[in-house]
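The structure under discussion appears below in the form of structure tokens.
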Number of protein chains: 4
Amino acid sequence: MLIKFDRRAPEQDINLILTKLNDAGSRAFRSRSNQNPVIVTTGNIDILKELNLDKINSVERIVDISTSFQLASRNFKEANTVVKVGHLEIGGDKIQVMAGPCAVESREQLFQTAQLVKACGAALLRGGAFKPRTSPYSFQGLNEYGLKLLAEARSLTGLKIVTEVMDTRSVDLVAKYADILQIGARNMQNFDLLKEVGNINKPVLLKRGAGASIEEWLTAAEYILAGGNENVILCERGVRGVNEFTRYTLDLAAVPVVKKLTHLPVIVDPSHGTGHWRYVTPMSLAAIAAGADGLIIEVHPEPEKALCDGGQSLTPKNFQALMARLATLRGIVHREFEEPKIKLQSVNMN
Amino acid sequence: MLIKFDRRAPEQDINLILTKLNDAGSRAFRSRSNQNPVIVTTGNIDILKELNLDKINSVERIVDISTSFQLASRNFKEANTVVKVGHLEIGGDKIQVMAGPCAVESREQLFQTAQLVKACGAALLRGGAFKPRTSPYSFQGLNEYGLKLLAEARSLTGLKIVTEVMDTRSVDLVAKYADILQIGARNMQNFDLLKEVGNINKPVLLKRGAGASIEEWLTAAEYILAGGNENVILCERGVRGVNEFTRYTLDLAAVPVVKKLTHLPVIVDPSHGTGHWRYVTPMSLAAIAAGADGLIIEVHPEPEKALCDGGQSLTPKNFQALMARLATLRGIVHREFEEPKIKLQSVNMN
Amino acid sequence: MLIKFDRRAPEQDINLILTKLNDAGSRAFRSRSNQNPVIVTTGNIDILKELNLDKINSVERIVDISTSFQLASRNFKEANTVVKVGHLEIGGDKIQVMAGPCAVESREQLFQTAQLVKACGAALLRGGAFKPRTSPYSFQGLNEYGLKLLAEARSLTGLKIVTEVMDTRSVDLVAKYADILQIGARNMQNFDLLKEVGNINKPVLLKRGAGASIEEWLTAAEYILAGGNENVILCERGVRGVNEFTRYTLDLAAVPVVKKLTHLPVIVDPSHGTGHWRYVTPMSLAAIAAGADGLIIEVHPEPEKALCDGGQSLTPKNFQALMARLATLRGIVHREFEEPKIKLQSVNMN
Amino acid sequence: MLIKFDRRAPEQDINLILTKLNDAGSRAFRSRSNQNPVIVTTGNIDILKELNLDKINSVERIVDISTSFQLASRNFKEANTVVKVGHLEIGGDKIQVMAGPCAVESREQLFQTAQLVKACGAALLRGGAFKPRTSPYSFQGLNEYGLKLLAEARSLTGLKIVTEVMDTRSVDLVAKYADILQIGARNMQNFDLLKEVGNINKPVLLKRGAGASIEEWLTAAEYILAGGNENVILCERGVRGVNEFTRYTLDLAAVPVVKKLTHLPVIVDPSHGTGHWRYVTPMSLAAIAAGADGLIIEVHPEPEKALCDGGQSLTPKNFQALMARLATLRGIVHREFEEPKIKLQSVNMN
């Protein structure tokens with residue numbers, strides 16, 4: 001149950017209701033949505049009726065939500081959330097492609113890739129500076145130096161930057177450089193981290209955990225929303241299914257399911273979701289056909305030399321071809337695509 | 001390992017090699033591919049070298065295949081298999097849509113649906129006469145009467161018929177009426193049934209089991225191919241993943257994976273794969289974008305009255321809209337679609 | 001909903017109620033439990049009340065069952081079902097061990113194993129004559145000759161025989177030789193086969209499919225019970241989980257879950273459930289500690305030469321050691337174990 | 001590949017080898033095991049041979065390990081690791097039971113439970129002060145006040161304390177109060193947290209993630225070991241399988257699998273693994289029969305009033321009965337159990 005207040009609701013009104021709910025044996029928490037104060041309560045609607053809340057002027061709306069996620073629910077907010085990253089919109093009329101290397105490895109590697117993905121029509125650059133690696137002996141990222149390179153790449157190309165944050169202690173640092181902070185699949189239920197990014201005013205890309213149900217995923221998003229940060233982008237990246245030739249089972253039905261349940265934008269990561277470059281192109285097309293708002297794709301100038309996940313990275317040529325094929329989906333999904341801005345010949349394409 | 005013979009290879013050549021292989025401790029089985037005799041052996045290539053098989057004129061080709069499926073492997077046959085159903089081709093240039101009710105319930109229900117799906121551009125009619133139902137107390141199908149109705153619907157509309165066979169004892173009966181025999185997901189490893197449909201000369205639609213790996217699926221297809229029936233169509237219909245809002249997790253990446261591993265055509269069943277009509281349209285578009293050769297979709301004139309799986313059946317209106325959207329994918333996948341033949345207004349559309 | 005009649009209920013009473021239920025729009029089916037006629041209906045209890053069934057003398061009990069399985073439910077029959085195989089009881093006070101080779105390979109292999117497992121205290125001999133193999137090129141069993149060898153082994157040792165039936169056409173043949181007919185995991189939802197074994201008067205061992213939910217499993221058992229065969233033994237043998245070092249994930253919690261939901265006995269197959277002999281002993285002990293009524297275990301005199309599943313077969317020595325350790329669980333589970341009858345030295349133990 | 005040095009190995013020896021390996025194109029990292037310096041390298045053994053490492057006196061051992069985990073591997077350390085918590089041993093001859101409430105709720109609730117579990121023979125008290133909750137609106141724990149209550153309970157009873165740490169910023173705080181720090185299933189791949197607890201000198205209980213493979217789990221343990229903390233206790237608590245009547249599928253075969261692969265002790269959490277108190281007792285017995293070194297069990301004086309996971313908590317009576325049944329497993333698993341120290345009548349048992 002959600003009680004949404006007028007923006008200028010007097011504190012005493014809110015506190016009175018909180019007290020009444022708690023006295024009536026319900027649990028009630030204060031949160032906010034946009035600038036509006038909100039009370040989330042687990043009490044049922046009958047208790048609220050007895051409290052005569054509708055006589056309190058500052059109460060704008062009472063919403064009965066039966067799912068475990070409230071602020072994230074489409075019952076609470078019917079219109080699609082469009083997340084703004086500068087002039088860019090995610091969840092709007094245009095399909096957005098985030099592309100770049102798995103990990104930032106060097107200035108040369110990053111800048112070359114950045115120019116290339118921009119030339120092909122991507123508007124956002126992905127690249128990990130802090131890398132969650134299964135093994136402690138794998139390359140763990142360039143850390144702040146990687147963030148600085150990403151910021152330089154942004155200056156150079158105008159691409160917006162999306163990069164992962166893994167630790168509560170690094171949120172401020174990453175937020176200083178990134179345009180979008182990514183929460184990786186392995187940290188989807190790192191609740192302290194979710195709370196921390198709920199307190200910043202930058203968009204958050206929340207990947208679905210490999211073993212996470214859709215309800216768990218949306219309730220993880222709820223942590224961020226409940227902190228007051230409404231700019232959450234969901235990202236499907238594969239679940240444990242019956243896998244053998246792919247790394248995970250990319251659950252594309254999650255796209256229309258999530259679109260029905262929530263107002264948040266959702267993109268797809270076919271690189272991690274399949275684990276093989278060969279399947280990235282068909283699954284990218286399929287994701288957009290299923291209704292996704294965008295893609296996050298790994299591209300590397302020389303995948304065979306990548307320090308991380310080379311096997312699932314597209315070569316520049318394959319990425320260029322994918323972008324061209326994506327553009328032809330325009331009519332089907334009634335969405336726009338970014339057109340290549342510069343001649344592809346002018347960048348180093350192998 | 002596969003040894004493929006000339007069509008007119010003398011029996012004694014084949015038997016000689018079988019004997020030699022068995023004497024050398026290898027297991028060797030006789031099979032055929034098209035009209036060519038084939039020996040499948042688990043022995044390694046070194047043994048074959050010692051046997052000097054290349055000196056036997058009737059040996060056309062020796063293929064070293066390391067997967068558990070041989071005849072189904074793209075290593076054995078590089079070109080796509082195109083399954084012919086009369087003039088129709090599955091796996092060819094045209095996307096084929098099979099549509100109709102989950103179960104044949106009555107003449108009226110079937111004929112109405114048949115005319116409708118034809119009007120919308122489908123070329124094949126699906127409908128169950130023998131129904132595999134989880135509960136023994138659920139409607140189990142009209143049996144032979146259902147088959148007769150399907151055959152009548154074919155006469156009336158020209159649509160080809162695809163229907164399920166569940167029991168070895170019914171194979172001849174179903175083959176008498178059907179154009180394509182369907183093996184359901186629950187019978188994917190009913191090996192006696194696979195052997196039985198390997199002996200008939202009608203195409204077989206082999207659905208993937210909900211818990212089956214891709215290798216198990218292709219090895220099930222191998223049973224049919226090894227019996228001499230090369231007209232196998234694979235059908236992805238969802239696996240056990242992390243499901244809650246859908247009945248299964250539709251594994252669309254299986255489409256490009258299977259296209260790489262095998263030469264057989266593959267279609268997708270978004271109705272069973274999601275279990276909800278709402279997700280059938282986006283997943284149909286996604287399946288074709290991922291490279292599927294066709295779709296099998298449940299359509300019912302009045303889903304709310306269906307005796308079986310009404311919740312996942314499209315209404316006529318939704319099916320018509322889906323077919324129109326599918327046609328717009330034409331350019332992207334470089335495939336053709338059947339155009340509606342008759343005015344939609346002339347059939348009963350609710 | 002279940003309506004149980006007196007054994008001598010007049011046919012007209014039963015038919016009257018069937019008619020009334022159908023007229024009232026409910027689906028109603030006739031079945032039986034023991035010798036008692038039963039009507040299973042999907043109608044709700046209110047309809048039944050209006051029919052004044054309690055005034056009909058031959059109606060013994062009306063049971064409101066909300067699960068999809070009825071006759072299998074503990075709500076319908078509270079006392080444990082004890083399946084009798086001659087003098088043996090499965091589901092009674094004694095833990096029963098079924099042991100033997102995966103496949104019957106030869107007289108010598110079978111008889112040697114039979115004597116051994118008997119000497120170690122097993123009371124039933126397992127062995128496949130018809131083998132469901134993933135690949136068509138694997139050894140498929142000795143068929144009727146294998147059944148004959150099993151019957152000979154029974155004459156020789158007094159062990160009861162459990163063996164798999166895969167095809168509706170073979171049910172009579174297998175029932176002629178076997179004491180218990182096994183339905184394998186891959187055929188758990190081969191509904192025609194379930195119906196067929198529902199018509200015979202021999203016990204059926206029903207293995208859980210690797211992707212089957214517990215409800216699907218119990219509803220498969222319902223098919224057999226609804227046919228009138230009440231002697232169903234359930235067998236957990238592993239599901240798809242997060243597997244890498246084992247073939248499946250043995251779901252031992254299924255044992256107490258099933259014990260709560262149903263009155264049927266349940267045994268565990270640690271050989272297929274783990275796929276490695278090394279894990280058979282700890283999982284056997286764990287299964288009994290979890291409350292299982294017995295075990296089915298693969299034993300082979302020379303696992304490294306087995307034509308089928310050698311890697312998961314226990315050597316005689318390991319089987320002997322397992323049986324000794326199982327006996328020590330006696331006090332914990334308040335169950336009895338068969339004592340070794342003959343000196344182990346008298347059989348060939350490698 | 002692991003190179004283990006003498007404890008007093010000169011720094012220059014170690015650095016020389018690191019340099020040589022890096023020059024040869026291998027990745028090499030410094031770690032330690034006990035007090036011994038260790039180099040972990042991804043280079044193959046041939047490179048090492050060329051470096052003539054065996055001529056360097058301070059090199060104690062070179063171990064070729066092909067798994068992704070090295071220090072955790074039984075190939076590296078053959079003998080079982082016994083984790084010491086004061087006088088207690090985990091992984092030694094005695095089965096250890098950790099019991100207590102899901103969350104610390106109040107002084108009274110905690111102390112009552114602590115006295116009870118001690119009276120029943122448990123030697124460790126579990127209880128969450130920081131709680132990872134799926135929903136942001138659920139009770140999140142008493143934080144430091146909860147830790148203080150745990151420490152008081154220790155003073156009162158002598159029980160050792162195990163409690164969860166969720167955030168890198170809280171590691172020092174939790175380590176100040178706890179005897180064992182727990183990493184929850186959702187944080188199993190929170191790599192910064194793993195690194196942080198790798199730097200402290202208190203034992204760590206590492207739960208397996210619900211979607212984590214055994215290799216991922218052991219490689220997560222490797223992060224802690226590589227930091228120099230060798231006191232890692234593994235805890236199986238259920239994976240995603242085919243669940244409906246239980247919360248997860250408790251993978252008991254993981255116990256013998258892990259015992260084979262690694263030298264670390266492993267315990268089982270049947271409370272979270274099943275999610276229902278009814279299944280905790282059979283799965284506890286099964287876990288010990290499968291070879292687990294201990295259990296972690298939720299006990300609450302009044303489960304129906306618990307702020308967290310009441311449905312899976314044992315009542316005092318059921319816990320007492322479980323401990324009595326566990327003691328009877330003594331002979332089977334050749335392990336000891338703690339005997340009840342005080343008369344059960346002297347504590348409040350409901």
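Your options are D/Leu261, D/Val257, D/Thr281, and the one with the most heavy-atom pairs under 4.5 Å with chain C is D/Val257. Of the listed residues (C/Pro256, C/Ala254, C/Gly241), the one with the most heavy-atom contacts under 4.5 Å to chain D is C/Pro256. Interface check for chain C: of the options D/Met283, D/Glu244, D/Lys260, the most heavy-atom pairs under 4.5 Å are formed by D/Glu244. Residue with the most contacts toward chain D among C/Leu252, C/Asn243, C/Leu250: C/Leu252 (heavy-atom pairs, distance under 4.5 Å).
C/Lys77 has its side chain within reach of C/Thr81: a pair of non-hydrogen atoms, C-beta onward, lies under 4.5 Å apart. Counting heavy atoms from C-beta outward, D/Arg240 and D/Thr249 have side chains that stay 4.5 Å or more apart. In this structure, C/Val97 and C/Leu124 have side chains that are not in contact, with every pair of non-hydrogen atoms separated by 4.5 Å or more.
Residue D/Thr246 touches chain C through its side chain alone, counting heavy-atom pairs closer than 4.5 Å. Only the backbone of C/Ala212 has a heavy atom closer than 4.5 Å to any heavy atom of chain D. Residue contact with chain C, scored on non-hydrogen atoms closer than 4.5 Å, is absent for D/Ala287.
Among the candidates C/Arg126, C/Arg237, C/Lys207, the single residue satisfying the side-chain hydrogen bond (donor to acceptor under 3.5 Å, both in side chains) test with C/Asp269 is C/Lys207. Across C/Arg247, C/His300, C/Arg278, C/His276, a single residue satisfies side-chain hydrogen bond (donor to acceptor under 3.5 Å, both in side chains) together with C/Gln312, and that is C/Arg247.
Salt bridge status for D/Asp293 with D/Lys94: absent, with no side-chain N to carboxylate O gap under 4.0 Å.
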